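Model, not experiment: these values are computed from the prediction. In what follows, every chain begins at residue 1, and chains take the letters A, B, ... in the order their sequences are listed.
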Amino acid sequence: MNQKKTIPTLIVLGSGGHTTEMFRLLSGTDLNIYKPRYYTIATTDKMSAKKMNEFELNTLKDMDVSFINRSRHVGQSYFSSIFTTLWAFFTVIPIVYRVRPKLILVNGPGTCIPIVIASLLLWVLFLINRPKIIFVESICRVQSLSLTGKILQYLPVHILVQWPQLTEHYPKTQYIGRLV
Amino acid sequence: MGKCAFITVGTTQFDLLIETIIHDSNVLETLINRLHIDKIILQTGNSQMPSYDNLSIPIEHYKYKDSIDNDIQQADIVISHAGAGTILQTLEAHKPLLVVVNEKLMNNHQLEIAHEMEQQGYLYHCTCSTIAKTLEKYVNHKFRQYEKGNPLLFGHYLNQIMS
């Protein structure tokens with residue numbers, strides 16, 4: 001790979017443990033290649049914003065952030081979450097269009113699905129180049145995929161899991177070792 | 001130096017665990033006589049702190065701290081709810097860990113990780129009614145040491161996929 005070439009990367013911060021895992025993953029990547037880094041954070045998620053600021057403390061020129069409405073609150077019914085997910089979907093379309101990411105990193109939950117769908121939609125409409133999308137399942141998931149992971153199986157997304165036995169149940173997933 | 005047990009429930013309400021630690025004499029006796037614990041620190045989160053007096057062991061308790069890292073570091077055994085974050089944090093600190101499952105929160109996928117970590121020899125898990133019995137297993141027991149995951153593998157994977 002040409003080391004000079006940078007890769008605009010869109011990173012979706014989920015919340016709580018998901019955000020913690022995402023920054024651990026990012027700590028293993030080459031920040032001089034994967035930049036600019038565009039983060040999306042739920043408006044209500046103070047913790048993720050704080051973690052992002054700590055992580056990007058010395059690299060502020062290489063990053064940007066958008067705050068968006070969360071697609072599903074803990075405890076919200078699946079039915080009403082359909083509408084908030086739709087809403088989130090329309091708010092993220094302009095973000096993805098503006099960012100034109102070559103790489104999208106998601107590890108759920110939050111606005112992960114709307115962003116994946118929005119970017120695939122923009123791609124099939126020839127509005128952006130096809131981004132590589134990578135979903136990393138949480139280390140908490142040992143026997144079954146999360147709802148986000150289950151949905152993403154049906155989309156052109158690379159799915160990494162952190163326990164090998166998951167790849168037996170979900171053939172689309174890949175295990176390359178425990179990552180966080 | 002004295003030995004310390006740290007009990008933590010994260011942000012959950014786990015009244016029965018706190019109650020069992022303080023008022024189940026078998027648990028206290030096992031901690032004191034078998035594991036030579038002489039101090040207990042409780043992080044109670046949303047749980048009720050029951051009243052207590054004349055306990056045979058000094059107790060500190062608080063609801064929340066920004067980070068429980070220090071309490072884990074100074075503990076000789078950690079007794080925790082089944083929260084994945086706490087489980088990983090404790091195993092990464094290489095401290096003996098007993099995970100107590102809250103039976104009021106069934107269908108909790110977090111049980112998966114406690115169960116798997118036990119299978120792999122990193123910890124034991126139990127319910128509130130079996131804490132004393134399970135603690136017996138910690139006498140002179142060496143657990144397998146947990147190694148943190150390796151984010152560099154993820155970095156290599158990205159480089160491969162993007163090249």
Query raised in the report: Does a sphere of radius 6.0 Å around NZ in B:K65 hold more than 12 heavy atoms from other residues, nucleotides or ligands, not counting ones at 6.0 Å or beyond?
Result: yes
Query - Cluster link B:I79 to B:L111, ILVMFWY, side chain under 4.5 Å - result: no
Query raised in the report: Hey, any chance A:I151 and A:V96 share a hydrophobic cluster, counting ILVMFWY side chains that come within less than 4.5 Å of each other, even indirectly?
Result: yes
Report summary line: Between B:Y146 and A:I139, the two heavy atoms sitting closest are OH-CD1, 3.7 Å
Requested in this report: Please flag which part of A:L25 lies under 4.5 Å from any non-hydrogen atom of chain B: side chain, backbone, both or neither.
Outcome: both
Report summary line: Under 4.5 Å to a heavy atom of chain B? For A:S144 that would be both
Query raised in the report: In terms of heavy-atom pairs under 4.5 Å, which option from B:H115, B:H156, B:E92 contacts chain A the most?
Result: B:E92
Query raised in the report: Taking everything shown except B:R34 itself, do over 12 heavy atoms lie less than 6.0 Å from its CZ?
Result: no
Query - 4.5 Å side-chain heavy-atom contact, B:M162 and A:L103 - result: yes
Requested in this report: Identify whether B:Y122 and B:L135 are in the same connected component of the hydrophobic contact network (ILVMFWY, side-chain heavy atoms under 4.5 Å).
Outcome: no
**Report entry** Proximal to chain B - members of residues 172-180 of chain A, heavy-atom separation under 4.5 Å
**Finding:** A:Q174, A:I176, A:G177, A:R178, A:L179, A:V180
Query - Largest heavy-atom contact set with chain B, pairs under 4.5 Å, which of A:K102, A:R24, A:K132 - result: A:R24
Requested in this report: Pull out the residues in residues 49-57 of chain A that come under 4.5 Å of chain B, heavy atom to heavy atom, sorted by number.
Outcome: none
Query raised in the report: Is it the side chain or the backbone of B:Q120 that comes within 4.5 Å of chain A heavy atoms, both, or neither?
Result: side chain
Query raised in the report: B:L55, B:Y62: one ILVMFWY side-chain cluster at the under-4.5 Å cut-off?
Result: no
Report summary line: Smallest heavy-atom separation, A:Q143 atom then B:E112 atom, equals N-OE1, 3.0 Å
Query - Cluster overlap B:Y64 with B:I41, hydrophobic side-chain contacts below 4.5 Å - result: no
Query - Any side-chain heavy-atom pair of A:D30 and B:L158 under 4.5 Å - result: no
Query raised in the report: Between B:Y157 (side chain) and A:L160 (backbone), is there a donor-acceptor pair under 3.5 Å?
Result: no
Report summary line: Checked A:L26, A:T29, A:T20 vs chain B; the most non-hydrogen pairs under 4.5 Å come from A:T29
Query raised in the report: Where does B:I87 contact chain A at under 4.5 Å (heavy atoms): side chain, backbone, both or neither?
Result: neither
Query raised in the report: Which bit of A:Q162 is near chain B, if near means a heavy-atom gap under 4.5 Å: side chain, backbone, both or neither?
Result: neither
